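Note that ligands are numbered from 1 as they come in the structure, with each ligand's atoms numbered from 1 the same way. Note: hydrogens, waters and symmetry copies are ignored here, and every other heavy atom, side chains too, is used. Remember, it's a predicted structure, so these values are computed and weren't measured experimentally.
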Amino acid sequence: MPINPTHGQMTTINVIGHNTVRLDSVDSTNNYAAKQINQTFVPEGTVILADNQTAGKGQPGNSWHSIPGKNLTFSLILRPTFLLANDQFLISMAVSIGIREGIYAELGIWIDIKWPNDLFHNNKKIGGILIENQISGKSISSSIVGIGLNVNQRNLPVTNNANSLANICGEELDLEQILDSILSKINAYYLQLVGGGRMSVKTRYLQSLLLYKQIGWYRKGDKSFAGSIVDVSDNGQLVIKLESGELTKFNFQEIKFLL
Ligand code: BTN
């Protein structure tokens with residue numbers, strides 16, 4: 001733990017969440033963050049939070065819909081220049097376990113991380129993460145970490161297999177408290193990465209994965225197969241041990257979980 005030089009006491013450094021920009025409405029907090037970092041100096045750890053997104057972005061090919069004022073939709077601006085472009089999945093791991101533990105600290109609920117970084121509870125999606133990195137040479141110059149979390153929205157499209165934290169807890173929840181708890185845990189795991197604690201971040205991520213070391217069913221193209229998740233490669237590929245014992249790596253969006 002770092003020493004506070006003025007008081008000589010042990011303290012934690014808050015990189016993430018010391019500067020927050022609150023917007024009533026924006027197309028996408030990720031787009032807003034990208035424009036900001038290209039136009040002006042934005043301190044690392046700045047949070048861009050919006051009540052409403054008119055064109056929220058999801059994982060490639062998807063949009064992100066959220067009822068205004070009900071949920072958390074925000075982006076974090078990071079400058080993980082200490083990471084090589086090849087190591088960018090570490091950000092995804094640190095952020096997803098931070099969200100998981102922030103939710104647990106505030107609400108006492110454990111969510112699962114569905115590889116690579118979907119937030120699930122009882123096989124229903126309650127949130128997602130969209131990370132957009134800018135690469136400079138071999139390093140990551142900036143990272144925009146977009147997080148969408150269904151908190152107080154009670155009615156969710158059935159077709160999306162989605163749920164919200166309020167539905168799970170059975171009551172209206174405090175958005176600010178959940179946000180603070182999540183930011184503080186992401187901060188802690190980000191600092192672990194800064195300090196070189198990559199293995200502990202990865203170990204915790206693997207332990208938080210839905211179906212880690214359990215037999216699950218997956219589909220690739222028109223074929224279904226069973227296997228168990230045993231690892232994630234440095235560049236974020238999912239490593240599944242097939243029933244034959246063979247280890248196979250899969251890229252993002254190459255396989256579908258059959259939940
Ligand atoms: C996913 O599809 O699972 C990722 C969803 C990410 C949504 C968040 S909401 C805040 C940020 N701004 C966006 O436009 N998208 C991300």
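- The protein non-hydrogen atom at the shortest distance from atom 3 (O) of ligand 1 is Lys125 NZ, 2.6 Å.
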Margin query: With side chain to side chain contact (heavy atoms under 4.5 Å, CB included) as the criterion, how do Leu76 and Leu183 come out once you've worked through the C-alpha distance, each side chain's angles and the decisive distance to 0.1 Å?
Written below: CA-CA 9 Å; Leu76 313 175; Leu183 293 179; 3.6 Å; yes

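- Scanning Leu149, Leu72, Asn71, Thr29 for the heavy atom closest to atom 10 (C) of ligand 1 points to Thr29.
- Closest to atom 2 (O) of ligand 1, if we only count protein heavy atoms, is Gln59 N, 2.8 Å.
- Applying salt bridge (charged side-chain N to carboxylate O under 4.0 Å, His left out) to Glu254 and the options Lys220, Lys223, Arg219 leaves one that passes, Lys220.
- The one candidate from Asn167, Asn71, Asn163 that meets the side chain to side chain donor-acceptor pair (under 3.5 Å) condition with Gln153 is Asn71.
- Residue contacts with ligand 1 for Ile147 involve N, CA, C or O but no side-chain atom from C-beta outward (heavy atoms, distance under 4.0 Å).
- Atoms of ligand 1 lying under 4.0 Å from any heavy atom of Ser28, numbered from 1 in the order shown and given with element: 12 (N), 13 (C), 14 (O).
- For ligand 1, the atoms lying closer than 4.0 Å to a non-hydrogen atom of Gly56 are 14 (O).
- With respect to the salt-bridge test (charged N to carboxylate O, under 4.0 angstrom), the residues Asp87 and Lys138 do not qualify.
- The N/O atoms of Gln53, backbone and side chain alike, include one that comes under 3.5 Å of an N/O atom in ligand 1.
- Assignment of Asn62 to the shell around ligand 1 is not supported, since no heavy atom sits closer than 4.0 Å.
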Item checked: Step-by-step side chain to side chain contact (heavy atoms under 4.5 Å, CB included) determination, Ile16 to Leu78 -> CA-CA 8 Å; Ile16 294 168; Leu78 301 176; 3.9 Å; yes

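- You'll find the side chain of Tyr205 reaches within 4.5 Å of the side chain of Ser96, heavy atoms only.
- In terms of protein heavy-atom proximity, atom 15 (N) of ligand 1 is closest to Lys57 O, 2.7 Å.
- Among all protein heavy atoms, the one lying closest to atom 5 (C) of ligand 1 is Trp64 CE3, 3.4 Å.
- Within a 6.0 Å sphere centred on NZ of Lys241, heavy atoms belonging to other residues, nucleotides or ligands number 12 at most.
- For Lys124, the NZ atom sits in a loose shell: 12 or fewer heavy atoms of surrounding residues, nucleotides or ligands are nearer than 6.0 Å.
- In the vicinity of Asp118, heavy-atom distances shorter than 4.0 Å reach the ligand 1 atoms 3 (O).
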